[in-house]
Amino acid sequence: MRTQVGIVGAGPAGLFLAHLLHLTGIEAVIVEAKSRRYVEERIRAGVLEQGVRDLLVETGIGERMKLEGLLHHGINLRFGGEKRRIDFSDLADGQAVTVYSQHEVVKDLVAARIGAGGTIIFEAEDVRADGFEGQHPVIRFTAGGERHELFCDYIAGCDGSHGICRSSIPEGALTSFERVYPFAWLGILARAAPASEELIYAQHERGFALLSMRSPTISRLYVQVDPHEDLANWPDDRIWEELQIRLGGGTGWQLTEGPVLQKGITAMRSFVTEPMQYGRLFLAGDAAHIVPPTGAKGMNLAIADVRVLARALQSFYETGRTDRLEAYSATCLRRIWKVQRFSWWMTSMLHHFPEHTPFDHRRQLAELDYVTSSRVGGATLAENYVGLPFDDP
Ligand code: APR
Ligand code: PHB
């Protein structure tokens with residue numbers, strides 16, 4: 001088998017890359033370890049930046065998102081017994097975010113690929129990639145009981161944080177930067193109307209909590225827990241009780257409760273690997289970096305990476321020039337580090353850290369007071385939350 005660009009992983013990064021390449025006439029094959037159903041039902045993030053929304057619309061896959069996605073013009077920060085709003089319309093030039101599940105984006109992208117006659121090999125086993133230093137890197141995998149070799153001009157490693165691409169790069173070629181946070185998020189999906197029209201990020205002495213949503217009838221809620229917490233210690237009643245206290249305690253405002261459809265614990269870390277390229281292998285999305293979810297940036301960063309990669313590949317196939325490919329990593333990393341900073345900052349401002357002293361607690365409250373009362377403070381949060389420009393130098 002042969003293709004121009006071999007893509008490992010059918011998450012948002014791999015699928016959107018294949019879509020962008022298809023629009024410029026470049027052929028790609030995606031090799032994915034899981035089934036179509038699995039990737040289409042995997043519950044992940046749910047907030048799209050303004051620029052990502054625009055990109056989905058411009059590239060012809062935004063129809064369902066425009067209908068079903070919820071446009072949000074602000075978020076709420078709750079702290080010290082008060083709830084204050086960050087107004088994006090006012091503070092970020094009328095931009096907004098769209099609440100639309102990652103797995104819905106994935107469904108739209110898979111349908112577009114298959115509709116356009118593109119190839120996605122699902123349930124590939126024992127996937128390997130090598131030959132990055134030569135002219136024709138190869139993806140090897142087993143499908144239908146047979147071993148296959150897919151020869152490519154370039155390989156895109158879009159296989160997430162536990163994929164095989166990053167670990168196929170020789171040791172010593174990459175440098176990693178990491179921060180592990182001393183807490184995790186316990187998240188639930190519940191059949192309950194969201195009790196607020198917009199998201200609520202709550203700082204509370206018992207720990208952080210977040211009210212988010214997937215639709216007018218489905219709530220997505222999180223509470224900060226110990227990183228080693230066992231789900232068995234959190235029956236539904238305990239989760240609701242903790243959410244009620246952290247999100248509304250003492251105000252008379254009540255969260256709408258309902259059956260819990262899904263429950264899970266997510267570890268929190270910041271991670272970046274540099275460079276995002278080794279020979280003819282390019283890493284994109286979670287394969288290259290992880291952000292803690294407090295800034296709602298994971299999927300948005302993945303889309304921003306592959307936008308840069310698709311343009312660089314287009315430049316190569318149209319003109320033979322490799323300068324944009326060579327600049328891929330540096331171009332992406334400038335934006336990635338700013339988004340890392342924002343995600344770390346939101347995380348630090350809103351969570352209870354075990355080492356916190358009463359001084360730190362007061363400092364957090366002062367910071368929240370500042371960003372919700374100063375125009376400049378609010379604007380810095382708003383402009384990052386709705387998404388920095390893609391081509392920020
Ligand atoms: N071979 C083939 N596919 C693989 C392999 C492998 N060895 N290992 C992992 N994969 C697949 C996974 O099954 C998954 O479908 O790669 C895909 C990676 O997708 P994501 O993890 O969704 O990563 P990415 O596309 O970079 O999107 C980033 O996902 O984790 C969230 O919050 C994160 O929103 C962010 C987004
Ligand atoms: C979500 O809806 O899952 C969500 C929203 C905002 C975040 C993180 C997760 O910051």
Side-chain angles (χ1 to χ4, degrees), residues 6-18 30-49 52 70 72 75 97-103 105-106 109-110 120-129 139-143 150 155-168 185 187-189 194 198-201 208-215 218-222 262 264 266-269 271 276 283-306 309 339 342-343 346-347 350 385:
I7 300 174
V8 186
L15 288 163
F16 196 60
L17 176 62
I30 305 179
V31 179
E32 163 62 49
K34 304 285 189 191
S35 67
R36 175 172 179 181
R37 182 156 179 205
Y38 184 94
V39 301
E40 289 188 342
E41 291 181 1
R42 187 167 41 196
I43 304 287
R44 290 274 183 83
V47 177
L48 305 180
E49 293 176 351
V52 169
L70 310 169
H72 283 202
I75 56 166
V97 294
T98 302
V99 173
Y100 187 62
S101 297
Q102 176 169 320
H103 69 276
V105 176
V106 164
L109 284 166
V110 169
I120 309 176
I121 297 156
F122 287 106
E123 298 180 73
E125 291 168 41
D126 195 16
V127 181
R128 313 264 158 202
I139 302 174
R140 300 173 210 278
F141 58 96
T142 300
L150 174 64
I155 295 179
C158 303
D159 50 350
S161 53
H162 305 292
I164 49 104
C165 288
R166 193 176 71 236
S167 52
S168 308
W185 280 13
I188 59 166
L189 196 66
E198 293 175 340
L199 274 62
I200 305 176
Y201 288 81
F208 171 76
L210 170 62
L211 177 154
S212 180
M213 63 209 68
R214 288 293 177 271
S215 73
I218 303 284
S219 295
R220 180 80 170 142
L221 298 143
Y222 300 93
Q262 206 238 19
T266 316
M268 306 267 288
R269 69 186 179 117
F271 173 84
M276 292 162 60
L283 302 175
D286 276 16
H289 42 72
I290 300 291
V291 281
T294 329
K297 291 296 175 206
M299 169 169 46
N300 294 299
L301 261 191
I303 301 279
D305 287 352
V306 298
L309 185 53
V339 175
F342 174 68
S343 303
M346 287 285 280
T347 304
L350 289 161
Y385 199 93

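As the structure lists them, so they are numbered: ligands from 1, and atoms in each ligand from 1.
- The aromatic rings of Trp185 and Phe208 sit parallel to each other, their planes meeting at less than 30°, with 60° as the upper class boundary.
- Counting protein heavy atoms only, atom 33 (C) of ligand 1 is closest to Asp286 OD2, 3.2 Å.
- Distance from atom 9 (C) of ligand 1 to its nearest protein heavy atom, with residue and atom name: Asp159 O, 3.2 Å.
- Regarding atom 31 (C) of ligand 1, its nearest protein heavy-atom neighbour is Arg44 NH1, 3.0 Å.
- The OH atom of Tyr100 sits 10.0 Å away from the CE atom of Met299 when rounded to the nearest 0.5 Å.
- Contacts between Val31 and ligand 1 below 4.0 angstrom, taking non-hydrogen atoms only, involve the backbone exclusively.
- Residue, atom and distance of the protein heavy atom nearest to atom 19 (O) of ligand 1 are Gly11 CA, 3.4 Å.
- Listed by atom number, the atoms of ligand 1 under 4.0 Å from Val39 heavy atoms are 15 (O).
- Not a single N or O atom of Gly14, backbone or side chain, sits closer than 3.5 Å to an N or O atom of ligand 1.
- Near Gly298, meaning under 4.0 Å from one of its heavy atoms, ligand 1 places the atoms 34 (O), 35 (C).
- Partners of Glu32 by side chain to side chain donor-acceptor pair (under 3.5 Å), not counting sequence neighbours: none found.
- Ligand 1 lies less than 4.0 angstrom from a heavy atom belonging to Cys158.
- Nearest to atom 25 (O) of ligand 1 among the protein's heavy atoms is Ala13 N, 2.9 Å.
- For atom 17 (C) of ligand 1, the nearest protein heavy atom (residue, atom name, distance) is Glu32 OE1, 3.6 Å.
- Every atom of ligand 1 is numbered from 1 in the order shown, and the set under 4.0 Å from a heavy atom of Lys34 is 13 (O).
- Protein heavy atom closest to atom 6 (C) of ligand 1, with residue, atom name and distance, is Ala33 CB, 4.0 Å.
- Looking at Glu125, Glu123, Gln102, it is Gln102 that brings a heavy atom closest to atom 36 (C) of ligand 1.
- Remark: minimum distance from atom 27 (O) of ligand 1 to any protein heavy atom is reached at Pro12 CD, 3.4 Å.
- The atoms of ligand 1 that sit less than 4.0 Å from any heavy atom of Gly285 are 26 (O).
- How far OG of Ser101 is from CD1 of Ile218: 9.5 Å, rounded to the nearest 0.5 Å.
- Ligand 2 lies under 4.0 Å from heavy atoms of Val47, Trp185, Leu199, Tyr201, Leu210, Ser212, Arg214, Arg220, Tyr222, Pro293, Thr294, Ala296.
- The shortest side-chain heavy-atom distance between Val99 and Arg220 does not fall under the 4.5 Å cut-off.
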